[in-house]
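As structure tokens, the structure follows; a few thoughts come after it.
All values reported here derive from a predicted model rather than from experimental measurement. By convention in this document, chain letters (A, B, ...) are assigned in the order of the sequence lines, proteins followed by strands, and residues within each chain are numbered from 1. Just so it is clear, the values below take in all heavy atoms, side chains as well, and ignore hydrogens, waters and symmetry mates.
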Protein chains: 2
Amino acid sequence: MPKSNISTPVIRRLPRYYRFLGELKAQGITRISSGELSRRMGLTASQVRQDFNCFGEFGQQGYGYNVELLQSEIGDILGLNRLRNAILIGVGNLGKAVAQHIRFNSFGFQLIGLFEERESLIGQMVKNIPIRSVKDLDEFCRENHPELAVLCIPKEGAQSITEQLIKLGIKGFWNFSHYDITLNYPDVQVENVHFSDSLMTLSYKLNNNNK
Amino acid sequence: MPKSNISTPVIRRLPRYYRFLGELKAQGITRISSGELSRRMGLTASQVRQDFNCFGEFGQQGYGYNVELLQSEIGDILGLNRLRNAILIGVGNLGKAVAQHIRFNSFGFQLIGLFEERESLIGQMVKNIPIRSVKDLDEFCRENHPELAVLCIPKEGAQSITEQLIKLGIKGFWNFSHYDITLNYPDVQVENVHFSDSLMTLSYKLNNNNK
DNA sequence: TAGATTGTTAATCGATTAACAATC
DNA sequence: TAGATTGTTAATCGATTAACAATC
């Protein structure tokens, strides 16, 4: 039976399952056992079965799992079958690349607004979305009710805009800044993308890969 | 005494310590206790002390830790005081933003080459680095000995170029593609940046934040 | 010296792995 | 039915937290 409180490690593996199952589907594979899936993903069969059983009984004894069905179930669990409105703040190099490069629609979101402080950028179009002034943030949010904010601004400005966005009803942050949202607003959902942390970790690994 | 085998959770916290200590330093704070640092970072004092003691005895009983010294020690552990040559493959939206946006020099690397398959991009300059053809990869690597490759290419091309790069002496990958390097080359150091996984995780959290 | 805080050992907690009965 | 593979419980492993003697 489905558990109510799923641990973080399990949640973080779900997108990977989703991707791998998508590939299997694309390869025309219709069924797979926990053993075979674990082998392909570098996990253990136990872990795979434990993970899935957090959410329900998706397999069949003696058969395994139906690839398409299982992927669709995981997609549902991840909430990919609905679209939540999202806005992006800070359309610099990074913000622009995120807006252009990420297929929000495939991952549960609809990017509906881009906001910038720098006057020179306002009015430009990115992915058919006009860049608006942050001054229009209040009005835009009251009209369109975005639930997600993508923060692509420097740490300095992040504190005040985060507060503003939370007041405007934002429930989740995809945070590319170094401002620590969770520390100050524990009730909001946050996913951090810290490039520099990732790069430093890699530096560490290269220094110690002999061990 | 320093341990030889440090666990992944500890390693992943190091960059965060490094950042927080940098901020404290910037604020003119010269000493800090594990208790105070843990409070600011949302950890426990025990964890902070355990983490640091993996690498040495950096504190002093009754006093705490010297902020500047501790940050510098962690920087050394992360290997930020040396520069390893790095190249970036795939100068599309994302690759260009990474090249322009990331301060490689602050995190242990020197970006020395950009490579592209698409003829139209070759010759362009990004951050004073010319975009080269992937055909010149072999020659460039034999001359410049990069240790890190930043992969900003689609999954399809990643397999073959990864193999090529490993043969050319690349020891680490900063992997923005969905190709699973570790599964196929377990001896190489890899840090994955999977935007879509991160976004899907956030979608999950927004669906279940009531729990 | 007395107070504070570390370094480190022991206890707890949680996640992963192993085992196996249930069942398709 | 026999073989395969799940769902699930129990055992193990590892990471976090608590406790406290050492010491500045």
Would you say the ring centers of Phe195(B) and Phe107(A) fall short of 6.0 Å from each other? no
Check whether the side chain of Ser46(A) and the base of dA18(C) form a donor-acceptor pair under 3.5 Å. yes
Contacts of Arg16(B) that satisfy salt bridge (charged side-chain N to carboxylate O under 4.0 Å, His left out) - sequence neighbours left out: Asp180(A)
Rounded to whole Å, the CZ-C1' distance (Arg13(B) to dT17(D)) equals 12 Å
Looking at DNA chain D, which of residues 27-36 of chain A put a heavy atom within less than 4.0 Å of it? Ser33(A), Ser34(A)
Take the protein atom CG of Asn66(A) and the nucleotide atom P of dT6(D), then report the distance between them rounded to whole Å. 13 Å
Grab the stems for DNA chain D, please: at least three consecutive Watson-Crick or wobble pairs, both distances below 3.5 Å, written as range with range. C:3-24 with D:3-24
Could you report the tightest heavy-atom contact between Ser34(A) and Arg49(A), atom names first, then the distance? OG-NH1, 2.9 Å
Which whole-number value in Å describes the distance from Arg12(B) CZ to dT16(D) P? 13 Å
Does Ser198(A) have any side-chain contact (heavy atoms from CB on, under 4.5 Å) partners at least two apart in sequence or in another chain, and if so, which? Trp174(B), Glu191(B), Val193(B)
Heavy-atom nearest nucleotide on DNA chain C for Leu43(A) versus Gly64(B): which residue maps closer to 5'? Gly64(B)
Going from CD1 on Ile29(B) to CG on Leu24(B), what distance comes out if it is rounded to the nearest 0.5 angstrom? 5.0 Å
Does some side-chain heavy atom of Asn192(B) sit less than 4.5 Å from a side-chain heavy atom of Val190(B)? yes
Evaluate the side-chain proximity of Glu116(B) to Arg132(B): yes if any heavy-atom separation is below 4.5 Å, no if none is. no
Atom CD1 of Ile11(A) to atom P of dT16(C): distance rounded to whole Å? 12 Å
Below 4.5 Å, heavy atoms only, C-beta onward: do Tyr17(A) and Val48(A) meet side chain to side chain? yes
Name the closest nucleotide to the Tyr65(B) side chain, picking from dT6(D), dT6(C), dT8(C). dT6(C)
Can you measure from OG1 (Thr162(B)) to CG (Asn175(B)) and round to the nearest 0.5 angstrom? 7.0 Å
Euclidean distance, atom CZ of residue Phe52(A) to atom C1' of dT6(D) [Å, nearest integer]: 12 Å
To the nearest Å, give me how far apart CG (Asn5(B)) and C1' (dG14(D)) are. 12 Å
Just distance, no hydrogens or angles: give the donor-acceptor pairs under 3.5 Å from side chains in residues 73-96 of chain B, sequence neighbours left out.
residue  : atom : partner   : partner atom : Å
Asp76(B) : OD1  : Asn81(B)  : ND2          : 3.1
Arg84(B) : NH1  : Glu147(B) : OE1          : 2.6
Arg84(B) : NH2  : Asn207(A) : OD1          : 3.1
Asn85(B) : ND2  : Asn144(B) : O            : 3.1

Taken to the nearest whole Å, CG/Leu37(B) to C1'/dT5(C) is 14 Å
Thr44(A) near the nucleic acid: base, sugar-phosphate alone, or nothing, with a heavy-atom cut-off under 4.0 Å? sugar-phosphate
More than 12 heavy atoms from other groups under 6.0 Å of CD on Gln47(B): yes
More than 12 foreign heavy atoms under 6.0 Å from CD of Gln164(B): is that the case here? yes
Find the distance Leu70(A):CG to dT5(D):P and express it as a whole number of Å. 16 Å
Protein and nucleotides 20-24 of chain D: nitrogen or oxygen contacts under 3.5 angstrom:
residue : atom : partner  : partner atom : Å
dC24(D) : O3'  : Gln60(B) : NE2          : 2.6
dC24(D) : O2   : Gln61(B) : O            : 3.3

Do Gln50(A) and dT17(C) share a donor-acceptor pair, side chain to base, under 3.5 Å? yes
